[in-house]
Amino acid sequence: MLRSVNHCYLCLLILFSLSINASEQQSEDLLSLSLEELLNLEVTVAARKNESWLSSSGTVYVIKRSDIESYGWRDLKEILATVPNMDYFYQWGWLPGGQRGFTGNMSGTLMLIDGREVQNLLANEAFIMNNFPSARIERVEILQGPNSTLYGGNAAQGVINVITRLNQNENEVSMLIGEANTKHGHVLFNHSFKHADFSLSASYFSSDLDYDELREFVVDDNEFSRNLNRDPLRNHNVKDFRNKEDNVTLDATLRTDYFYLGSNITRTQNVSGIEAVAYDYVTGDDSYRGYAHYFLGNDYQISDKLSGNIEVSYFSEYKEKYRLTAIIPADAQNYNDLTLFTEREDIGPSDRIRFKTQWQYQINDNQDWILGYDAWRTKIGRKIKYRQTEEGITLITPSSWPTDKEKSDKHAVYGQYSQTWKFDQRSIKISAGLRYNHQDFTDSSWLPRASLVYQLDSSQALKFTYGEAFRPPTIFEFDLVDDDEIESQTMKMFELNWSKAFKWQDIQFANISAMYHMRAENFYQKTLDPVSGVWNTIVTGQHSVKGWENQLNWTAKQWQGQLSFRYAIPDKTKINTQEKILDIPKYKIKLGVAYSFNEYWKMAAFIDHWDDNYTQANKFESPGVEIAHIPSWTTANLNISYRKKSHSLALYIENLFDREYFHGNARGTSPVKYLQPPRNIRIAFTYKY
């Protein structure tokens, strides 16, 4: 492994020396984006239609392909880290987290690929792992705050729309290698026929994810586990730790004069990270998990004023898990006393058939309507355990599994009206929308959203937004309970946003600043009736977060930079006699700077700082829970790249100064926290053909 400091500095010295001797021709436009281009930058995620960044309702962050290449971000999780109010706690598997001070399994954030929902059917998760390499991504749009009016369930905290590089008229092969046996390959192919366009994006990622520091961390019972019953029986031999992950993705579209069809496919092996390490150091479960999304539709232009889209889709996912299970003798003292066997558990395949249509009526240049209908049928695959018995392998479905909730229907109609009044350089834009959502096993919902955008001139806007959203219950939240219907979780938000683009002494700036108050209600808590022995779900409680976020981007000839800041104040949680804000650092700061030495060579660095925070944890060597402290941390990453029209080479160093730092565990009391990556190196090569 390339673990020594000397290796890092040798690579830096070689690349820096090459940059000094490279062509001295300077290009003033390498990193610059003109003010006019910035003001006309279009986004789609805020209103499900194209609109300018400045006049879009709410708070939207856009990360472009040029940003990804300049800073060297390798995957979606590193891209999301640039958003000031996006939180996640990386546990070396799928990515739990949330937005604006709300964390969990990422079920409050709606995941889109090219505007189409790919949310996990089982637990409503935005399923993010290493299945979103940056080579797959053209642009990412992140909408903050509840937006169920246009998107339906699970858009309670916000929306992530990953726009792929399909239909970009580029052909490319890229490769990445790094420590811990990390390999990544990607192929992009776009071709136009006489009456059709075909696009393909395919990637493969593999990594052992078994750094020496991580091996040592997972055998530290105090820092990692704190499980009184299991810790003495766990395997503490670091050589037995394994953490391998494999990801395959495939995006494809075929567009003709009469229709389009396409797919998004992901298959992942080993999806639990270090969250569920039990006896042997398998990363949770040796699992296979993935989804396949197929869609067929067409865009219609009925007249100059009326346009629309009709699409049908089929989404299928599965989860196949091989868990190392132990039989524990009464006199067991250590790991060698256990009887270990592998138990298989499947859930799925689960699938969804969906029909949706959306139409836009442009009354004039300043007024339009959006109307849509969305309907789908979901079937959740049954949980099945494969048990070894005297008769052989027996298939068992746990009695707690809610078999009567496996099939469900959902229907929704929604509309949004927008109008703009212009007064010389000023303008006022209002947009108001409403959604009626009906689905099985939960309450029907009316979901409003309204926004007022006041543009003081052509370069700045004040925005006020009110929104509501919901997250319906999952199949797991009906597990063990007798309820026929559970009320949905809800979210309400007030937000004030100031966005401005300006120029000062040849430096161009774009700033987004937002203050907000969000409140979630109706949390799920399972309770057992001691008399009847029946499990039910209590829907109770609320949690609110107030905060401020700001992001400043700037460009100046060979320079490019970013400064992001957030300050969040969630409600406190009472643990024993203490009240603390849990799992969310009050403030985070991110500073990024990129410099172009000449036409070909660039160097970029960014620094992250997280405030300290607290998490709930099991006590060590005694029963009960306590509040554990997660120290503040600051890390620096570095990227050096050489780019020509036909090829590029990049060196990326994560955690440049090898700082030890942790993410807390917002999903439970053990493990206490998660160690983050040590210093490591990635080398990437790209060839365009």
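Heavy atoms only: backbone and side chains are in, while hydrogens, waters and symmetry mates are out.
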Subject >> Flag side-chain contact, heavy atom, 4.5 Å: Tyr204 against Leu250 >> reply: no
**OP:** For the residue pair Asp87 and Phe102, establish whether any side-chain heavy-atom pair is separated by less than 4.5 Å.
**Re:** no
**OP:** Could you pull out all residues at least two apart from Tyr260 that satisfy ring-ring contact (aromatic ring centres under 6.0 Å, His included)?
**Re:** none
Original post:
Do the side-chain N and O atoms of Gln119 and Asn154 include a donor-acceptor pair separated by under 3.5 angstrom?
Top reply: no
**OP:** Using the six-membered ring wherever Trp is involved, compare the ring planes of Phe89 and Tyr674 and label them parallel, tilted or perpendicular (cut-offs 30° and 60°).
**Re:** parallel
Original post:
Once the angle between the rings of Phe205 and His184 is folded into 0 to 90°, is it parallel (under 30°), tilted (30 to 60°) or perpendicular (over 60°)?
Top reply: tilted
Subject >> Criterion side-chain hydrogen bond (donor to acceptor under 3.5 Å, both in side chains) on Thr474 and Asn124, from CA distance to verdict >> reply: CA-CA 7 Å; Thr474 70; Asn124 291 341; 5.6 Å; no
Original post:
Going by distance alone, is a donor N or O of one side chain under 3.5 Å from an acceptor N or O of the other, for Asn618 and Thr669?
Top reply: yes
Original post:
In terms of side-chain heavy atoms, does Glu245 have a donor or acceptor partner in Asn130 at a distance below 3.5 Å?
Top reply: yes
Original post:
Does Tyr90 have Lys77 sitting over its ring (NZ/CZ under 6.0 Å from centre, angle to axis within 45°)?
Top reply: yes
Original post:
Under 3.5 Å, is there a donor-acceptor pair between the side chain of Tyr524 and the main chain of Glu487?
Top reply: yes
**OP:** Provide the closest heavy-atom pair for Ser107 versus Ala123 in the form atom of the first, atom of the second, distance.
**Re:** CB-O, 3.8 Å
Original post:
Counting N and O atoms only, with roles assigned by atom type, does the side chain of Asn243 sit under 3.5 Å from a partner on the main chain of Leu209, one being a donor and the other an acceptor?
Top reply: yes
Original post:
At what distance, to the nearest 0.5 angstrom, does CH2 of Trp92 lie from CG of Asp210?
Top reply: 9.5 Å
Subject >> Full working for side chain to side chain contact (heavy atoms under 4.5 Å, CB included) between Asn227 and Arg234 >> reply: CA-CA 10 Å; Asn227 190 312; Arg234 293 201 305 149; over 6 Å; no
Original post:
Which heavy atom of Thr109 sits nearest a heavy atom of Gly98, and at what distance?
Top reply: OG1-CA, 4.5 Å
Original post:
Can you tell me if Ser148 uses its side chain to pair, donor with acceptor, with the backbone of Phe470 under 3.5 Å?
Top reply: yes
Original post:
Between Val539 and Glu477, is any pair of side-chain heavy atoms under 4.5 Å apart?
Top reply: no
**OP:** Ignoring hydrogens and angles, tell me if any N or O in the side chain of Ser134 forms a donor-acceptor pair with the backbone of Arg74 under 3.5 Å.
**Re:** yes
**OP:** Check whether any side-chain N or O of Arg100 sits under 3.5 Å from a backbone N or O of Gln157 as a donor-acceptor pair, and report yes or no.
**Re:** no
Subject >> Any side-chain heavy-atom pair of Lys379 and Asp351 under 4.5 Å >> reply: yes
Original post:
Which pair of heavy atoms, one from Thr253 and one from Phe295, lies closest together, and at what distance?
Top reply: CG2-CZ, 4.2 Å
**OP:** Would you please test Ser445 and Asn437 for side-chain hydrogen bond (donor to acceptor under 3.5 Å, both in side chains) and show each step?
**Re:** CA-CA 5 Å; Ser445 302; Asn437 198 88; 5.7 Å; no
Subject >> Interatomic spacing from CD in Gln416 to CZ in Arg435 - rounded to 0.5 Å >> reply: 12.0 Å
Original post:
Just wondering, are more than 12 heavy atoms of other shown residues or ligands nearer than 6.0 Å to NZ in Lys407?
Top reply: no
Subject >> Backbone of Phe132 reached by a side-chain donor or acceptor of Asp75 within 3.5 Å >> reply: no
Original post:
Given side chains that start at C-beta, do those of Thr403 and Arg382 come closer than 4.5 Å, heavy atoms only?
Top reply: yes
Original post:
Looking at Phe241, is Arg215 sitting on its ring face, NZ or CZ under 6.0 Å from the six-membered ring centre and within 45 degrees of the normal?
Top reply: no
Original post:
Hey, does the side chain of Asp440 reach the backbone of Asp409 with a donor-acceptor pair shorter than 3.5 angstrom?
Top reply: yes
**OP:** Check the side chains of Ser225 and Asp231 for a donor-acceptor pair under 3.5 angstrom, ignoring hydrogens and angles.
**Re:** yes
Original post:
Rounded to the nearest 0.5 Å, what separation is found between the CG atom of Leu200 and the CG atom of Asp251?
Top reply: 8.5 Å
Original post:
Are Arg136 and Ser201 side-chain neighbours, meaning at least one heavy-atom pair lies under 4.5 Å?
Top reply: yes
Subject >> Separation of Asp246 CG from Asn131 CG (nearest 0.5 Å) >> reply: 12.5 Å
Original post:
Should His663 and Gln91 be marked as a side chain to side chain contact (heavy atoms under 4.5 Å, CB included) after you check the CA-CA gap, both sets of side-chain angles, and the distance that decides it?
Top reply: CA-CA 8 Å; His663 286 175; Gln91 40 82 311; over 6 Å; no
**OP:** Drop me the distance from Thr44's OG1 to Leu143's CG, to the nearest 0.5 angstrom.
**Re:** 10.0 Å
Original post:
Looking only at heavy atoms, which two atoms of Ala326 and Leu338 are closest? And how far apart?
Top reply: CB-CD1, 4.3 Å
Original post:
Does the side chain to side chain contact (heavy atoms under 4.5 Å, CB included) test come out yes or no for Tyr151 and Glu117, once each step is laid out?
Top reply: CA-CA 9 Å; Tyr151 288 104; Glu117 180 183 336; over 6 Å; no
**OP:** Mark yes or no for whether Thr268, through its side chain, and Gly290, through its backbone, hold a donor-acceptor pair below 3.5 Å.
**Re:** no
Original post:
If you measure only the distance, is there a donor-acceptor pair under 3.5 Å linking the side chains of Thr615 and Asn665?
Top reply: no
Subject >> Any side-chain heavy-atom pair of Tyr386 and Leu395 under 4.5 Å >> reply: yes
Original post:
Which pair of heavy atoms, one from Thr149 and one from Arg449, lies closest together, and at what distance?
Top reply: OG1-CB, 3.2 Å
Original post:
How many angstroms lie between OG in Ser263 and CZ in Arg116, if you round to the nearest 0.5 Å?
Top reply: 10.5 Å
Original post:
Would you call the rings of Phe662 and Phe217 parallel, tilted or perpendicular if under 30° counts as parallel and over 60° as perpendicular?
Top reply: tilted
**OP:** Provide the closest heavy-atom pair for Pro398 versus Lys385 in the form atom of the first, atom of the second, distance.
**Re:** CG-CE, 4.4 Å
Original post:
Are Arg289 and Phe127 side-chain neighbours, meaning at least one heavy-atom pair lies under 4.5 Å?
Top reply: yes
Original post:
Looking at Asp483 and Lys405, does any basic side-chain N land under 4.0 Å from a carboxylate oxygen?
Top reply: no
Original post:
With no hydrogens and no angle check, is any side-chain donor or acceptor of Thr442 less than 3.5 Å from a backbone partner on Ile486?
Top reply: yes
Original post:
Distance-only, no hydrogens or angles: does the Asn161 side chain make a donor-acceptor pair with backbone N or O of Ile142 under 3.5 Å?
Top reply: no
Subject >> Partner of Tyr373 under side chain to side chain contact (heavy atoms under 4.5 Å, CB included), chosen from Gln358, His411, Lys356 >> reply: His411
Subject >> side chain to side chain contact (heavy atoms under 4.5 Å, CB included) assessment of Ser488 paired with Asp443 >> reply: CA-CA 7 Å; Ser488 292; Asp443 54 318; 3.5 Å; yes
